[in-house]
Amino acid sequence: MLRGVSKRISEIKFAFMSPEEIRKISAIKVITADTYDDDGFPIDMGLMDSHLGVIEPGLRCKTCKCRVDECSGHFGHIDLAMPVIHVGYVKDITRLLRASCKACGRVLLTRERTQEYRALMAEMENFGGDTQDKFELTKVTAKDASSTPICHYCGTQQGKVTIDKPTTFREDGHKLTPKEIRERLERIPDEDLLPMGINPKNARPEWMILTALLVPPVTVRPSITLQSGDRSEDDLTHKLVDVLRINQRLRENRDAGAPQLIVEDLWELLQYHITTYYDNQTSGIPPARHRSGRPLKTLVQRLKGKEGRFRSNLSGKRVNFSSRTVISPDPLMSINELGVPRTAARELTIPLRVNNLNIDMARRLVTRGPEPPDTSRGYIPGVNYVIRSDARRIKVTPRNKSLIAMNLEPGYIVERQLQAGDIVLFNRQPSLHRMSMMAHQVQVMEGKTFRFNLSVCPPYNADFDGDEMNLHVLQSEEARVEARILMRVQEHILSPRFGGPVIGAIHDHITGAFIMTYKNYSFNRFDALQIISRIDIKVLPEADGTKDGEEYWYGRTLMSLALPADLNMSFEASICQNCDTCEFENCKHDAYVVVRNGKILQGAVDEKAIGAFKGKILDKMARDYGPDAARVFLGIATKLSIGAIMVMGFTTGIDDEDIPEMAKLQISEKLKKARETVEALVISYRDGTLEQMPGRSLEETLEVETMKELGKARDTAGQIAGKHQGMENSAVIMARCGARGSMLNLSQMAGCIGQQAVRGERISRGYWGRTLPHFVKEDLGAEAKGFVKSCYKSGLNPTEYFFHSMGGREGLVDTAVRTSRSGYMQRRLINALEDLKVTADGTVRNTAQCIIQFKYGEDNIDPTRSSGDSGVDINDALMEVLGDKYWEFLTKQNSKGGDQ
Amino acid sequence: MARKKKELDIDIMPHVLVPRFTLLDEKAVKQVLGEFKITRDQLPKIRMGDAMVRQIDREGGAVTEGSVIKVIRESPTAGVAIAYRLVIRG
């Protein structure tokens, strides 16, 4: 059925090319292995004969009398002295040889069986079975036939055909020459081909053995002239030269009646050259190499794989109007902006169609030329090219700019350089999700890097250690509008993956917000003004109180400036300790955030509030106030955070991991005890008194028990160390508020690193019966199997260091393996899903309008436009409707201790 | 020659992983097609040889090529999800 499909391919015919057909389409028979003569002209009957098309401007093709770009080239052919097997058909040749009689060529089946299979094939055809099905059937037929020892027609005993990869056939050990094979295939009658999956109208099996070789046009294998004047030929030409040369020698030797051995050798050599001409990666033979040692890129290599014609030139193409450079951060820009270096902006253009209304503006633009000097406004765009109505492209130069401007007419296209505010696409590879390519607004800047807000790092997964990113300039008005509506950064704050924000505060933004809001930190007028000066709000809010005659402002009050006046919400902060009974707004740890009427009343603002992936406030802003409000909020909140962290000062160093001697003693005491416990376990294992766990062997029981014991020891060590690292410790602040690092990282630095594992088990490989020669054989104790009792700060002893490297190496290998695997998985998924879309009626359909899913996600819910798992946040809705009344109700509920 | 598979003689319907299959009559099919404004060929397909389809056929459902089967399955997002499938050869 044709639904929105203007053309549909009804049939594709695959056939073999017969030698007659090859000779028929051939423009010339190639006999000379030489290409050009001393004057640089193509030699007649050579591989570069002018009958095969032209590549040099000025010359004319001798076949069609056309010039370079008019003639697409013509095929030629080489007559082979002896027949040669085509590597691509080796499988089919084997199948046919095995399934047909060596003497009479009939299929090795009874007449009835043949009829049966033919009927099956016809039935499959009638019911529209696809090629795959038919192919499966022919395989069954062939298998059935090849197991027959004696021909049903002539009674000949059949030999066993084997192949020596890639192209040598043997029958009962005797070599079959291509000539013999061809004769056999010729004997197979037409009526026996159909059940073998070959349509005799399109293909005769003997055509799989080549007697003539098609020579592609020169346009397919152009030679290039180097600066030195030397000609460099294409790999295919090189290969064809080899074929011609050997073919010539073979013919001469054969005609001169040379010994059989020599002829056979040459024949085999010709087979090799033709095999590698088709596929230079045929297994079983060495690839043909260039003089430099580089393997030649022959026909199959041109098409296959990532660098092949399909994936590299047809599915994906190089584009114009794009730019790539290093990225660097600019915290002062808004998240949807992008700093573009001037040099890039001067190269990238947007087409502007001249009409009666804009002709004056267009003239002014063109008058500026390609490199207008800066004005008081800074950078202004110029024009690189003007395209006339007759599609002629004229380069604008300082010399001709006024002339071109004067001659401007409606219908001309002016290619204007990029200017501030233009919408462009920005992308970082690997493009794993839709947020990997978003639309930004241009700001032309000094420097040579692309610059953007740090909050946009998470969706691109970018950092600034040398990452490069690509920019694409949209060329049509429609594309720009679409990008502006669908692709701008703020439209992607909420991710469709989990319905939360992917763009949000990171690292110092979170630390800053946290330290300014935690435990009612207050600023004096000077500091408060310093912080405020970073944002557009230039008036300090009312002071929160006075102390010693000086007014002060809470950090919360300043942070509240970023919130809309009617925002109400409450949630647990990242620092929440998950106490047994939650005290809600009376939380002692400042871990319950309460926002009433746009004021933060309680709690510390941290990762759970504004962080990427987790920020609750950010999430609510984007949902309830729209993407643009969320963008503005994020800008203000991060700027305030940075302001606060700079006023207050924040640093971390090795002394953050300092713990008192006492604690160190305690830790080593605990570790010693754990070590002894493990020792005891080992002894009980040796004694046989260790109680076996259900479903595990004795060895496994020991392993599990020791792992448990040592894990516990690591945790207690961390806890002891943690006792001496309070909320005044910068490293702890960062870990707890979610800015960077984790408490485990800290306990490994200050306490104990713990058990190292390879493949999820304690380290056991190495020498016979032991991991390292430093230990006694069969030692099952803690140290001998990779327990690291030191901490990163104190340093590891040599054996510990070695074990730690083993664990670390496993991690590296895992990531390397994972990325390549997930990359391929992603490719398969994308190829399978690329044409699916959600239609207006909620069904998911492909481009043929077939239904794939009756309701998107089975519930028709867009995660970015709903809340939580259920789609609706009832508390939030009630709060909005009932306002304060519901708030009171909630508070009462909370104080009753009922957890809701 | 492809061997004919021996017909399974167990009821697979009660298995936890098997969703509920029902054969739609012509009227219901019309209604479904109308609801989605589609023709039969735009429905997702199910093969005649599918174990559940064969079972319905065995139990007197008279499934032919072109019949439409309603599949009701549990869904982690929606609770219950309904889908329709066109029976094809195979």
Side-chain angles (χ1 to χ4, degrees), chain A residues 1-5 109-110 112-114 116-117 119-121 123-124 126-130 132-134 136-145 147 195 498-499 836 839-863 866 868-871, chain B residues 1-6 16-24 28-50 52-54 57 63-90:
Chain A
M1 211 161 301
L2 298 168
R3 235 182 307 270
V5 183
L109 290 168
T110 54
E112 296 74 52
R113 267 322 241 306
T114 322
E116 243 172 68
Y117 280 119
L120 267 174
M121 186 61 94
E123 189 191 10
M124 206 167 254
N126 277 343
F127 286 114
D130 58 20
Q132 193 65 43
D133 296 334
K134 287 188 207 164
E136 291 301 323
L137 181 63
T138 59
K139 275 214 293 212
V140 174
T141 317
K143 208 175 161 199
D144 194 4
S147 56
F498 56 96
L836 306 193
T839 49
D841 63 355
T843 55
V844 180
R845 303 193 187 205
N846 66 12
T847 37
Q849 300 300 308
C850 287
I851 292 181
I852 305 297
Q853 195 173 33
F854 286 87
K855 271 182 175 176
Y856 169 70
E858 297 185 336
D859 55 0
N860 257 346
I861 285 177
D862 176 359
S866 61
D869 290 334
S870 54
Chain B
M1 173 82 215
R3 260 176 291 123
K4 254 204 171 157
K5 269 197 198 134
K6 227 181 93 193
V16 276
L17 295 177
V18 177
R20 229 167 77 212
F21 280 62
T22 24
L23 182 65
L24 292 189
V29 173
K30 276 242 168 66
Q31 201 192 329
V32 169
L33 296 180
E35 186 188 335
F36 292 101
K37 299 201 180 85
I38 51 170
T39 50
R40 255 172 221 264
D41 62 307
Q42 281 167 285
L43 286 169
K45 315 287 186 286
I46 189 167
R47 281 184 187 258
M48 201 78 141
D50 185 277
M52 253 331 277
V53 177
R54 284 217 306 269
D57 194 44
V63 191
T64 55
E65 198 182 347
S67 308
V68 175
I69 282 174
K70 182 179 186 178
V71 185
I72 304 167
R73 64 176 96 241
E74 277 175 34
S75 153
T77 50
V80 174
I82 299 170
Y84 303 92
R85 282 170 181 277
L86 179 74
V87 179
I88 56 164
R89 284 184 65 86

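Chain identifiers are assigned alphabetically (A, B, ...) following the order of the sequence lines, protein sequences preceding nucleic acid strands; residue numbering begins at 1 within each chain. Everything numeric here is computed off the predicted structure, so don't read it as measured data.
Between B:I38 and A:I851 there is a side-chain heavy-atom pair separated by less than 4.5 Å. The shortest distance between side-chain heavy atoms of B:T77 and A:Y856 does not fall below 4.5 Å.
A donor-acceptor contact shorter than 3.5 Å links the side chain of B:Q42 to the backbone of A:Q849. Of the possible donor and acceptor atoms, none in the side chain of B:S75 sits under 3.5 Å from a partner among the backbone N and O of A:E858.
Atom CZ of B:R47 has 12 or fewer neighbouring heavy atoms from other residues, nucleotides or ligands inside a 6.0 Å radius. Within 6.0 Å of CD on B:E35 lie more than 12 heavy atoms contributed by other residues, nucleotides or ligands. Counting non-hydrogen atoms of neighbouring residues, nucleotides and ligands closer than 6.0 angstrom, the NZ atom of B:K45 exceeds 12 such neighbours.
Counting all heavy atoms, side chain and backbone alike, B:I82 lies closest to A:F854 at O-CB, 3.9 Å.
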